[in-house]
Amino acid sequence: MPVVIGAKPQADFSNPIGVLHDCHRRIERFLSVLIRVTEAAGGRALNDEQRVAMNTALRYFREAAPKHTRDEEDSIFPRLRAMEREEVKPVIGRVDALENDHSRLDADHAEVDRLGQAWLDAGTLPQADAARLAELLAGMARIYEQHIAIEEREVFPVATMVLGEPDRKSIGNEMAKRRGLHGSL
Ligand SMILES: [Fe+2]
Ligand SMILES: [Fe+2]
């Protein structure tokens with residue numbers, strides 16, 4: 001058992017729902033980084049620490065976060081929809097709404113990425129663009145808060161309850177493959 005100081009141990013792909021929870025913590029962390037940097041600098045020149053933080057957070061949302069969406073939309077939600085079990089029915093409507101959130105968040109992330117990159121490239125961001133960036137991020141924080149709460153309190157517990165060992169293994173393998181990791185779990 002590895003010793004972890006100041007952090008919960010990260011789940012591995014043998015516990016796919018655990019990995020999804022860990023991804024949520026990263027989404028929250030990197031979104032708060034973007035909010036903090038945008039608030040602190042307000043379109044003015046970024047210091048070195050702010051540049052690195054902004055660059056890292058933008059890259060996370062561009063490269064890693066979309067895999068989390070694919071995990072849910074391609075590996076978890078279709079298996080729930082295919083189940084004929086009574087306890088799954090209440091979450092199916094939730095899943096439709098969650099997919100709508102994903103589309104909205106994708107569009108918002110694209111705009112945040114464009115504005116954040118423009119800021120990094122030019123060194124400063126015009127006032128109107130900085131205000132738009134702050135407004136976008138505040139809206140996304142509200143959506144993510146509800147979205148993640150629904151997934152963690154309603155959808156994932158049902159998924160954990162109804163998905164059997166073969167599905168759990170397949171989901172873990174699909175998630176590992178999305179991240180370029182091979183080998184059967
Ligand atoms: Fe989601
Ligand atoms: Fe999620």
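When a ligand or atom number is given, it counts from 1 through the structure's own listing order. Start at 1 with the first residue, then count along the sequence.
Under 2.8 Å from the Fe ion (ligand 2) lies no N/O/S atom of Cys23, from backbone or side chain alike. Within the 2.8 Å limit, Glu72 places at least one N, O or S atom next to the Fe ion (ligand 1). Here His68 does not reach the Fe ion (ligand 1): none of its N/O/S atoms is less than 2.8 Å from the metal. The Fe ion (ligand 1) lies at 2.8 Å or more from every N, O or S atom belonging to Asp101. Within the coordination shell of the Fe ion (ligand 2), defined by N, O or S atoms under 2.8 Å, Asp71 is absent.
The 12-atom threshold is exceeded at CD of Glu165, counting heavy atoms of other residues, nucleotides or ligands nearer than 6.0 Å. Summarising the local packing, CZ of Arg94 is surrounded by 12 or fewer heavy atoms from other residues, nucleotides or ligands at distances under 6.0 Å. Annotation for Glu49: atom CD does not count as buried by contact number, only 12 or fewer foreign heavy atoms lying within 6.0 Å. Atom CD of Gln146 sits in a sparse spot, with 12 or fewer heavy atoms from other residues, nucleotides or ligands closer than 6.0 Å.
In His24, the N, O or S atom that comes nearest to the Fe ion (ligand 2) is NE2. When distances from the Fe ion (ligand 2) to the N, O or S atoms of Glu151 are compared, OE1 comes out shortest.
Judged purely by distance below 3.5 Å, without hydrogens or angles, the side chains of Gln10 and Arg26 pair a donor atom with an acceptor atom.
Angle NE2(His147) to the Fe ion (ligand 1) to NE2(His102): 90° [nearest 10 degrees].
In this structure, His102 and His147 have tilted ring planes: the angle between them lies in the 30° to 60° band.
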